[in-house]
Amino acid sequence: MTLTFELRIRPMPHQSVRFTRSGRTFKPKKIMDYQSYVQRLVKEQLPEDFVMIPAGIPIFIRRLTYQYEWSSSTPKKRRVGKVYKPTKPDLQDNLNKAFLDALEGIVYEQDQNIVSINGLEKYYGDGDLITLTIEYDA
């Protein structure tokens, strides 16, 4: 089975856990808000008869792209096609962590069942957008 999502939201990196003065850990509010908004957008795009992917079923991510809106300082003549974004945040750890953690409990039970990620890209485009295509055996 294949699921495809297009989320019009600015990709946000996962920040490391913060500590209070007493030593307790917490997740920053900005990350919590981002993840809850991603969850809401994904729930709107899920098929009505969708059942969460149970633990133990391999999940293949066929495409995962993070598109950032052009900065206002980029000249319009340079805003042509897909221009890769070589700056922070890093693609492998921070962007994927926040986004894939948000899908846990909505699309799949455990993100540890993701066995392959293909088509992973980060680039500039006309607007903020995250696209995701998941395949799994139903």
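What's counted below: heavy atoms across the whole structure, side chains too, no hydrogens, waters or symmetry copies.
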When you measure from the side chain of Gln67 to the backbone of Lys122, do you find a donor-acceptor pair of N or O atoms at a distance under 3.5 Å? no

Nearest 0.5 Å, what's the CD-CZ distance between Gln35 and Phe99? 10.5 Å

dist Leu95:CG -> Leu100:CG (nearest 0.5 Å) comes out at 10.0 Å

Quick one: NZ on Lys97 to CD1 on Ile31, what's the gap to the nearest 0.5 Å? 11.0 Å

Atom pair CG (Leu129) and OG1 (Thr65), whose distance is rounded to the nearest 0.5 Å: 6.0 Å

With a 4.5 Å heavy-atom cut-off, do Ile130 and Ile9 have their side chains touching? yes

When you group the ILVMFWY residues by side-chain heavy-atom contacts below 4.5 Å and let the links chain together, are Met52 and Val115 in the same group? no

Asp101 CG to Asn96 CG distance, which is reported to the nearest 0.5 Å: 10.0 Å

Please walk me through it: do Phe60 and Ile134 pass side-chain contact (heavy atoms from CB on, under 4.5 Å)? CA-CA 6 Å; Phe60 302 91; Ile134 296 176; over 6 Å; no

Are more than 12 heavy atoms, taken from residues, nucleotides or ligands other than Lys82, located less than 6.0 Å from that residue's NZ atom? yes

Are Leu103 and Met32 in one and the same hydrophobic cluster, where Ile, Leu, Val, Met, Phe, Trp and Tyr link if side-chain heavy atoms are under 4.5 Å apart? no

For residues Ile53 and Met1: do they belong to one hydrophobic cluster (side chain heavy atoms under 4.5 Å, members Ile, Leu, Val, Met, Phe, Trp, Tyr)? yes

Under 3.5 Å donor-acceptor, Arg63 side chain and Asn118 backbone: no

Got Tyr66 and Thr131 here, is their nearest side-chain heavy-atom distance under 4.5 Å? no

Do we get Lys85 above Tyr123's six-membered ring, with its NZ or CZ under 6.0 Å from the centre and within 45° of the axis? no

Test Leu3 against Tyr136 for side-chain contact (heavy atoms from CB on, under 4.5 Å), laying out the working first. CA-CA 9 Å; Leu3 296 172; Tyr136 66 98; 4.1 Å; yes

Atom pair CG/CD of Asn113 and Glu104 - distance to nearest 0.5 Å: 9.0 Å

Look at the side chain of Gln45 and the backbone N and O of Glu6, then say whether any donor-acceptor pair between them is shorter than 3.5 Å. yes

Residue pairs involving residues 49-61 (criterion salt bridge (charged side-chain N to carboxylate O under 4.0 Å, His left out); sequence neighbours excluded): none

Answer with yes or no whether the side chains of Tyr124 and Glu69 bring together a donor and an acceptor at under 3.5 Å. no

